[in-house]
Amino acid sequence: GKVIVTGTARGDDHKLELRRVVSGESFGEESVIGATFRGDATAAEDARVCEIPVALLMRVLERADGADAAHRLERRLRRRAATELLQTSAFTRSLDARDVDMVLDALVYRDVARGEAVYEAGDGAERVWLVVDGMVQLQRATNERVRVSAYLLRGDFFGDEEVLQRVARMEAAVASGPSLLVGIEAELFRTLADRAPGALARVRRVAHGSDAVVTASVGAAASVGAAASVGAAASIGAAMSATATMTQLAFADLYRLDVARSLLVIDLDSCVRCGNCASSCAALHGTARIVRRGDVIVTSLGGAEPAPLLLPTSCQHCEHPACMIDCPTGAIGRDPTGDVFIRESLCTGCGACAKACPWDNIDIVARLVPHEHAMVAIKCDLCRGFAAPACVEHCPTSAISRISPRDEMPELARLLRLRAEPHKLSLARRSGSVALTVGITLALAIVAVALHRRGTLAPHRGLGLAFGVVSFIAFVGTLVYGFSKRAVSRRARRDKKPRATARSPVHTELIVHEALGLVALTASLGHGGVSYSGPGGAAALALHLTSALGVLAVIVYALVPRWLTRVERRAGLPEDIAVRARELRDRMYAGVSGKSELTKKLFERVLVPYARNVFGWLWLLGSRRDLVTEERVVRARIDALLDGRGHERLAGLEQLIRDAVELRALGAQRCLSFVVCAFLPAHIVLGAAAVVLVLAHVAMVLAR
C-alpha cells in the first residue's frame, strides 16, 4: 500500500506533505533516535504495515550482523528523521536543497539527560542547537537563585545569538527532561544566516536583553509578564502571560507537567491527611502504590482559584514513558487509552524501570504470590480493570484527582502554546457550608434545650419521645459511614469501561454522616435536654461528647489544612518532620562554614536564636504569614541591623534564612499535623462508648 507522512511547520495551520512511503520503505524513524513522532502517518490506500519495537530491532541487528550494522542503520534513520524535522523549520525552508544537504551532513546529534547542561554561562559559542525532542530551559544564577529565562520546545533554535555575535554564552542551557538535540557548527550557521537574511526572525523565540526574556525566581511564586513577540514567532512571554500564580516549582519541572497524561494531584487546602488514599490502595492491591510526599505547586485548575496542589509519589502515565523503554522483557505496556501498566508475569524485578523513572514512582517489592522471580515492580495502574482509581473514590473530602495537566491547567496550556481551551475542574471547598451548618445546628440545639426546660418536651411521651426515636435512628445511621468508608472491596467494581471522571462516593457519605450526627445531637437534646443523671443521662452525655467532637473535627478539617499548607514548603508525612529537622540543622551549620565573618555573626546572633525559639512556631502561625513572606521579614530585620553596610559580604545568607524559616515552621507543622489527625481516634473511642451506652439505654426502656 501507500502511507503519507505529513507535518506542520511552526506558525502554519496547514499540514505539509513530508513524503510518501511505499512497499519496502520505513517510516516512524523518530523512534530510533528516541524522539516522538513529529507528524501524522495516514494510509493513502489500503495498506499492510509491520510495526517493529525499536529495542527489539536493535538487539536483533546486533546479534545478527554485529554492532556496526545497527550503527549504520541508526545513522541512516537519524538522517531521515532530521530531514523531516528541518522540512518543518521556518529557518531551513528559506534555504535551497544544496544548503539543506550541507546542514544534514554537518549535524551533530546529542542526547541530553534530565538536568544535564547543554552548556554553561561563559562557555564558548561553538554551535547553534535545535531541539528535536524534549525541553530545554535557559537559565542564569543570580543572588543564589536560578532565574529561568525561557523554555525551548521541539523545533526551537537556541544559542544562535551568541554564535552570530561571536561572544561567550550569556546563560546556561539545561535539559528539563531527556532531550534530543542537533547542533550546527558556528561557521556553517553564520554562512546560512548570511544566505537567508530575515530567516532568523521567523525562528528565534527569545532575544537576550529584550522584553522577550521571561524570568522567574526560584522559591517564590513566579511573576511572569507578557512580552513582545520577536519577529513572526510569538515569544515565550506572550505565551506565558497570566501565569503569575504557578510557583517556580512548576516551572523548574515543567517537563513533568508536559509529559504527564494522568497526573495525581491532591488539593492541600482540602486534604485532611487521613491516609485513606494510601490505605484503600493497599487494601485493593496488597501494597500501597501512592505515597503522600512530593512537590507542591500553586496553580489553578480550569476556572478555579489558585490552589496548592501536591504531586504525590504515584505514576503519572507519561506520554513517552522512560520506564517502558528501559524494560528488558517488555513487561511494561500501554493500552489504547494511554494507561501504562506492568505485566507482573513478565517482570523479573531487575529495577531498570525504577531507575529510569525521573520521579521515583516505581517500587521494587517482594511478590505476594510464589514466582520464579522473588521481586516485582509495582506502580499505579489507575486500578486497571476497575471502575475508577481507589484513591480517588475513597477520599472523604474529594481532595484527590487524576488530571491531564495540558487539559486542566490553563497556565500550562498557554506556556506550551496549546490551542485547545483547558477543561474546567472544580475543587471541593467547604468552609462556607460548614459555617452555615454549624450555625443552624447551634440554633436548633438552643431551641430544643429551651423547650425542654420549660417542660414542653418530656423524654417518655409525645414529641419528646419522638425526638428520642429520631435521635436513635440518626445515631445508628452515622455508624454506617465508618464501615462503608473502609469497604474497599465493595466499591472496587470490575468494569471494562472505566468512568471518565471519577468522583468520591465517600465524600457524599461523609456529608450524610455529618448531617445525621447533627440530627442525632439536636434530637437527643429535644429528647432529654442537658440532664445527665441515670443510665439515660450517661448515654446522652456520651452521645453529646461524640457529636461535639465531631463538630469540632468538621471545623478543624475546614480550617487547619489551609494553615498547614501555609507553613509547608514540601508536603510530607508526620514522621518526616524529625528527619527534616535534622537535615535542616546539619545543612545550616555546614552552609555557614567558609562564609564571611559578617555572615557568621548574623547567623549566630539572628538566625540561630530565631530558629531555636521555643514558641517561634506559634508566633509564625499567629502572624498568618507564609514561608516566603516570613523570609522577607527576617531579611528586612537583618537589613535594618546592617543599616546599609556590608551587603557585599553576605554570600550564602539567603539560603541560611530559608533554612532557618523552614526549621521554625516545622514546629507549626508538627502541632497542626497532630491537631488534624487527633480528632478521629478520639471521635471513634467516644463513639464506641456512646454505642454501648445508647444500646443499653434502649434495652432498658424496652424492658420496662
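Since the structure is predicted, the reported quantities are computational estimates derived from the model, not experimental observations. The first residue in the sequence is number 1, and the count goes up from there.
- When atom types are taken as modelled, the side chain of H683 and the backbone of T546 share a donor-acceptor pair closer than 3.5 angstrom.
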For this session: Under the salt bridge (charged side-chain N to carboxylate O under 4.0 Å, His left out) rule, what do D339 and R384 come out as? Steps first, then yes or no, please.
Result: CA-CA 9 Å; D339 297 349; R384 185 175 173 80; 5.5 Å; no

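- A side chain to side chain contact (heavy atoms under 4.5 Å, CB included) with F679 holds for exactly one of L552, I555, V554, V560; it is L552.
- Side-chain contact of T397 with H507: a donor-acceptor pair under 3.5 Å is absent, judged by distance alone.
- Among E630, E631, E662, R632, the one residue that satisfies the side chain to side chain contact (heavy atoms under 4.5 Å, CB included) test with I657 is E631.
- When every heavy atom of C380 is checked against every heavy atom of S314, the shortest pair comes out as CB-OG, 3.6 Å.
- Judged by the 6.0 Å distance and 45° axis criteria, R664 is positioned over the aromatic ring of Y610.
- In this structure, L666 and L584 have side chains that are in contact, with non-hydrogen atoms separated by less than 4.5 Å.
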Exercise. Where do R273 and E568 land on the salt bridge (charged side-chain N to carboxylate O under 4.0 Å, His left out) test, with the steps shown first?
Worked result: CA-CA 13 Å; R273 280 71 169 174; E568 284 182 327; 3.3 Å; yes

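- In this structure, the side chains of F615 and L620 stay at 4.5 Å or more apart for every pair of heavy atoms.
- Among P396, C677, C395, the single residue meeting the side chain to side chain contact (heavy atoms under 4.5 Å, CB included) criterion with C274 is P396.
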For this session: Assess whether ring pair (Phe, Tyr, Trp, His ring centres under 6.0 Å) is satisfied between H513 and Y481, documenting all intermediate values.
Result: CA-CA 6 Å; H513 171 77; Y481 169 73; 4.8 Å; yes

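- For the 3.5 Å distance criterion, the side chains of Q316 and R261 fail to qualify, holding no donor opposite an acceptor.
- Using a 4.5 Å heavy-atom cutoff, the side chains of V480 and L516 are not in contact.
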For this session: Could you walk me through whether H697 and F472 pass the ring pair (Phe, Tyr, Trp, His ring centres under 6.0 Å) test, one step at a time?
Result: CA-CA 10 Å; H697 172 62; F472 177 75; 9.4 Å; no

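- The shortest distance between side-chain heavy atoms of C323 and I362 falls below 4.5 Å.
- A pairwise comparison of heavy atoms in V530 and L525 identifies CG1-CD2, 4.0 Å as the closest pair.
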